[in-house]
Amino acid sequence: MNHGKPEAGDALPETVASSAEPVAPSAEPAAPELLAAAPEPATAPARRRWWRWALPVTAVLLLAGAVPVALVAIGDADVETPAEAVAPTENPTTLAARQVAERINAQLDRQSAALLAGDRAGFLAIADRKVHSDLRRRFAGLRELRVTRWEGRPNGLPTPAGNAGEWRLSVEFRYCFVEPDCRPSPLLVNTLWRDGTEPRLIELEKSTSTPQVGGRVRAQAGTLPWEVSKLAVVVGKRTIVGTTPAYRDRLPGLLKRAEAAAKVADGYVVDGAVPERYRIFYAGPKEWKRWYGGDQPEWGAGYAVNVGGGHHDVVLGPDSFNDSAYLDVMLRHELAHAASLPENDYWDDSAWWLIEGLAEHAGADGASVARYDGLIPTRKFVKGDWTGKLDKLLPAEDASTEEAIGSYGVAYLAFRYLLDRFGEEKVLAFVKVVVHDLRVPRQVSEEIFGKPWSKLQADCAKYIRRAVN
């Protein structure tokens, strides 16, 4: 995945050939849950790219509600009590905004119920006609994706817009596909409403990338496929695969390959259970530049991006079908990211080699080192100016395809060395503490492997140099 740079889970370069149930709306509109404002954007959202992959990330929002507390004065009948306290008067503008939010919340509840019931007319009913075309596309895409949960809530209070009676409001949607009890993914969308007894939606923006700004704050992934594209979707036992109608004929073969890749990826879970269901989207040239922000390096061909709720969407680029063996490798690689990456999607760049090494190993699926497709570019990379260190392997956005392949190749060989020497259990424990718990190798190497990291990294470099000769 990528934080403005090539990330773990990135796509392979072209040169390689090889959870709650849905909530029914209440009879009376409930007060909207008010959410903390998301941090200001600072960098691009994280995506994991393989040589042709990009990673990433969605914003984590904290729910905050005000609970009124009643104070009761108790005294003897003959004791004089003070006059009843006068409650402070709420600012009229804030009070008006709160009341508007309540009415909008009721409309969002009606729309959610209509979507889950397959009622398109009801889904459109809360909006002006000029928004209907956009809403019809979203409704069709979400139904194709087998939406099982959809909830919309005001994200804070609305603010007055330019025209009288119009209010701008950020809305947080939470959604699940296929599995009714999945952990929902969050999505923030800016909206414009005309107030009334039943407010009308008059503008609905596309979601945009909200960059990670540090710590464990997740960024929003960017424009999602079903927001901007018509979709055709198939569902398997472990995966859900979507594309545009133009590539509908590729879905049966892609689903079969995705199901096989999911079985491999399930073995790379580092912390917790396997993903409820892997989500995969195949992008044509237009979609590749538009979905999830579309900011991919020249050497990228696929990526995994964090969309929140413990889910990573996998996107395959337009060239994915040029070689069937390459497609299988890329699917295994990207789904391994979805299985192994931390929910908070934040780590130090120095751990890139470990994240990508794991995914490359999954992509190779047990093949010998001699059969690794990137061996020749890796040899050139190693015999160039590589210092033997692993924490500086992250390729630059403008790196050549050959350089990127070389970086991934070194990551693969390093992971392979650790796995062959120490076994799967210890290596996955190492991934957990370094990638998920944000500890550096020198702090945990002796604890897990019984060897200081300086010595182990030197041994690893020797192995890599021998492997490429």
Side-chain angles (χ1 to χ4, degrees), residues 1-2 6-7 9-14 16 44-58 137-138 140-142 144-145 177 185 187 206-209 220-236 239-258 261 277-307 311-324 326-335 337-338 359 363 397 401 404:
M1 297 186 184
N2 197 353
E7 311 165 10
D10 296 351
L12 294 172
E14 301 179 17
V16 180
R47 291 188 177 81
R48 304 204 169 292
R49 305 185 185 91
W50 203 7
W51 310 336
R52 294 271 298 172
W53 322 298
L55 322 180
V57 207
T58 48
R137 181 176 56 250
R138 294 177 188 234
L142 290 168
E144 276 284 323
L145 288 163
F177 298 138
S185 297
L187 174 69
K206 311 295 186 296
S207 61
T208 57
S209 299
Q220 183 152 302
T223 303
L224 302 177
W226 44 266
E227 292 186 279
V228 293
S229 303
K230 293 181 178 180
L231 295 178
V233 178
V234 290
V235 177
T239 65
I240 178 168
V241 184
T243 187
T244 61
Y247 302 103
R248 186 190 300 272
D249 61 331
R250 298 184 177 184
L251 285 175
L254 185 53
L255 179 64
K256 182 178 180 180
R257 292 174 183 277
R277 195 169 295 258
Y278 296 98
R279 304 170 179 177
I280 303 155
F281 294 92
Y282 173 70
K286 178 181 177 182
E287 292 74 35
W288 179 250
K289 296 178 180 179
R290 194 175 190 189
W291 290 351
Y292 304 97
D295 182 22
Q296 308 306 324
E298 289 298 321
W299 45 265
Y303 57 88
V305 58
N306 190 335
V307 293
H311 304 283
H312 288 77
D313 287 358
V314 167
V315 182
L316 307 177
D319 298 330
S320 302
F321 277 83
N322 290 350
D323 184 290
S324 60
Y326 168 74
L327 175 58
D328 289 335
V329 172
M330 186 164 64
L331 276 167
R332 291 192 293 265
H333 178 112
E334 299 301 342
L335 295 192
H337 278 312
E397 286 284 323
T401 299

Donor-acceptor pair between Glu227 and Ser207 side chains, under 3.5 angstrom: yes
Would you please test Phe177 and Trp226 for side-chain contact (heavy atoms from CB on, under 4.5 Å) and show each step? CA-CA 12 Å; Phe177 298 138; Trp226 44 266; 3.7 Å; yes
Closest non-hydrogen contact found for Leu335 with Ala258 is CD1-O, 3.8 Å
Centres of the Tyr282 and Phe321 rings: under 6.0 Å? yes
Evaluate side-chain contact (heavy atoms from CB on, under 4.5 Å) for Ile240 paired with Ile280, printing each intermediate quantity in order. CA-CA 6 Å; Ile240 178 168; Ile280 303 155; over 6 Å; no
Side chains of Leu187 and Leu224, heavy atoms from C-beta outward: is any pair under 4.5 Å? yes
Starting from the C-alpha separation in whole Å, work towards a yes-or-no answer on side-chain contact (heavy atoms from CB on, under 4.5 Å) for Leu316 and Leu254. CA-CA 11 Å; Leu316 307 177; Leu254 185 53; 3.8 Å; yes
Say you draw a straight line from CZ of Arg248 to CG of Leu231; how long is it, rounded to the nearest 0.5 Å? 10.0 Å
Does the Glu334 side chain pair with the main chain of Leu331, one donor and one acceptor, at a distance under 3.5 Å? no
Over 12 non-hydrogen atoms of neighbours within 6.0 angstrom of NZ in Lys206: yes
Heavy-atom distance under 4.5 Å between the side chains of Arg137 and Ser229, does that happen here? no
With a 3.5 Å distance limit and no angle check, can you tell me whether Ser320 reaches the backbone of Gly317 through a side-chain donor-acceptor pair? yes
Between Glu298 and Thr401, is any pair of side-chain heavy atoms under 4.5 Å apart? no
Could you tell me if the side chain of Leu327 sits less than 4.5 Å from the side chain of Arg257, heavy atoms only? yes
How far apart are the C-alpha atoms of Arg277 and Val235, what are their side-chain angles, what is the distance that settles it, and do they pass the side-chain contact (heavy atoms from CB on, under 4.5 Å) test? CA-CA 10 Å; Arg277 195 169 295 258; Val235 177; 3.5 Å; yes
Report yes if some heavy atom in the side chain of His337 is under 4.5 Å from a heavy atom in the side chain of His312; otherwise report no. no
